[in-house]
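If you're wondering where the values come from, they're calculated on a predicted model, not measured in any experiment.
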Amino acid sequence: MITIRIEKTRGHKWNETGTFALEFPKSELRHRVYDCQLDKDGETEDAWLCIPSERLRAKYERLVADEESTQSDYDKLYEELSAYSDTLTTEQLMDWFIDLNDPETIIGWTERIEAHNAYIDVMEPNNAVLRNPLDVDSTFHIRIYDYFIDFHEDREIVDDLEFTPSDVEADDWTEDIKRCLEENGWRLDSKIGTDSDDSDLLVFDCVKA
């Protein structure tokens, strides 16, 4: 999944997160921009100034100035606004979204590939690493999930890679893990750690290369 992340430095925190950072699926961007424009219309009289289209801004201004404008007139304009938003690029939609959300407080945005969660169980029963530390032929598995790993619930495994470290007694398998991931179309996207102090699981994030 590709996400959009927006960072603020000051001002009002995002309602959804209660922080200066907001992240959401890229697929939601157009709807968020459109809904935000409509919300602003209900809050301020000059919200139409944020509309990127000069033609639609002028049409909106005429409706606001015309005391005989009806809700039907506005509904037709909103339909045009929705159709117009479908024609914009991600960059154009983000410019619009930022204009609607106190642009002076926003330091920037990034488009990110959401990482998958992965783990290696060093206690797997199909290897002999604990019984015979010199057994360099021990095979492990890198199990990659589409969601945050929760062993109390069913999670969909996206990929299951056979992994053989070059030295099973090494304290750090990072380079071997990176190599295995890259050979199978993945890229390491985080540090490798454990999920607790005494865990037998090595956990990390990875993304499609």
Side-chain angles (χ1 to χ4, degrees), residues 1-11 13-29 32 90-91 94 97-98 101 105-209:
M1 179 192 297
I2 299 177
T3 64
I4 299 290
R5 182 178 178 85
I6 308 169
E7 299 277 355
K8 281 187 168 190
T9 56
R10 62 186 190 279
K13 296 179 179 179
W14 298 103
N15 292 333
E16 291 181 48
T17 64
T19 69
F20 288 130
L22 174 66
E23 188 164 1
F24 53 83
K26 181 181 177 181
S27 58
E28 295 180 2
L29 177 58
R32 283 178 175 264
T90 298
E91 289 74 16
M94 281 307 307
F97 188 79
I98 290 172
N101 287 278
T105 68
I106 295 176
I107 58 174
W109 64 276
T110 54
E111 190 172 331
R112 311 197 317 163
I113 300 176
E114 186 181 45
H116 294 268
N117 300 114
Y119 79 91
I120 299 172
D121 184 355
V122 301
M123 293 284 286
E124 281 188 311
N126 66 333
N127 72 66
V129 65
L130 293 182
R131 295 193 301 275
N132 182 7
L134 299 179
D135 181 4
V136 296
D137 198 28
S138 295
T139 300
F140 300 84
H141 287 263
I142 298 177
R143 295 186 170 91
I144 302 172
Y145 285 75
D146 197 17
Y147 304 99
F148 181 78
I149 299 170
D150 184 343
F151 295 101
H152 299 291
E153 298 183 17
D154 292 333
R155 296 299 191 205
E156 180 182 354
I157 293 181
V158 176
D159 211 344
D160 190 340
L161 313 177
E162 287 193 357
F163 168 65
T164 303
S166 56
D167 180 3
V168 295
E169 295 185 272
D171 293 330
D172 188 354
W173 290 353
T174 299
E175 292 305 314
D176 289 332
I177 291 172
K178 288 171 64 176
R179 185 188 68 253
C180 181
L181 290 171
E182 290 169 2
E183 289 174 351
N184 290 276
W186 294 90
R187 175 171 55 81
L188 184 65
D189 195 50
S190 73
K191 292 182 179 180
I192 298 171
T194 60
D195 62 347
S196 64
D197 292 337
D198 58 352
S199 175
D200 297 314
L201 300 180
L202 298 179
V203 295
F204 49 91
D205 294 337
C206 57
V207 297
K208 270 293 185 182

| L201 side chain reached by T194 side chain, heavy atoms, under 4.5 Å | no
| message | Give me the atom names and distance for the closest heavy-atom approach of V168 to F140. | response | CG1-CE1, 4.4 Å
| query | To the nearest 0.5 Å, how far apart are CZ in R179 and CG in N184? | reply | 11.0 Å
| field | Any side-chain heavy-atom pair of I192 and I120 under 4.5 Å | value | no
| Where do I144 and I157 land on the side-chain contact (heavy atoms from CB on, under 4.5 Å) test, with the steps shown first? | CA-CA 6 Å; I144 302 172; I157 293 181; 5.8 Å; no
| request: State, yes or no, whether a side-chain contact exists between T90 and I4 at a heavy-atom distance under 4.5 Å. | output: yes
| query | If you measure from CE on M94 to CZ on R32, what distance do you get to the nearest 0.5 Å? | reply | 10.5 Å
| said: Looking at S166, is its backbone amide N or carbonyl O close enough to the side chain of D176 to form a donor-acceptor pair, meaning the two atoms are under 3.5 Å apart? | reply: yes
| query | Considering only heavy atoms from C-beta outward, does the side chain of T9 approach that of F20 to under 4.5 Å? | reply | no
| Just by distance, with hydrogens left out, do E162 and T139 show a side-chain donor and acceptor under 3.5 Å apart? | no
| said: Let's go through V203 and N117 carefully: what are the C-alpha distance in whole Å and the side-chain angles of both, what is the deciding distance for side-chain contact (heavy atoms from CB on, under 4.5 Å) to 0.1 Å, and is it a yes or a no? | reply: CA-CA 7 Å; V203 295; N117 300 114; over 6 Å; no
| Between CG of L188 and SG of C206, what distance do you get to the nearest 0.5 Å? | 7.5 Å
| Can you name the closest pair of heavy atoms from R5 and A21 and give their distance? | NH2-CB, 3.4 Å
| task | Using a strict 4.0 Å threshold on nitrogen-to-oxygen distance, state whether E183 and K178 make a salt bridge. | result | no
| request: Compare all side-chain heavy atoms of T3 with those of F24 and state whether any distance is below 4.5 angstrom. | output: no
| Are W186 and D159 close enough that some pair of their side-chain heavy atoms sits under 4.5 Å apart? | yes
| said: Distance check, rounded to the nearest 0.5 Å: I177 atom CD1 versus L202 atom CG? | reply: 5.5 Å
| said: Could you check whether any side-chain heavy atom of F204 comes within less than 4.5 Å of a side-chain heavy atom of I142, counting everything from C-beta outward? | reply: yes
| task | To the nearest 0.5 angstrom, please state how far the NZ atom of K13 sits from the OG1 atom of T19. | result | 7.5 Å
| Just how far is it from atom CH2 of W109 to atom CG of L22, taken to the nearest 0.5 Å? | 13.0 Å
| query | Would E28 and K26 pass as an ion pair if we require N to O under 4.0 Å? | reply | no
| request: Quick one: sort the F97 and W14 rings into parallel, tilted or perpendicular, breaks at 30° and 60°. | output: parallel
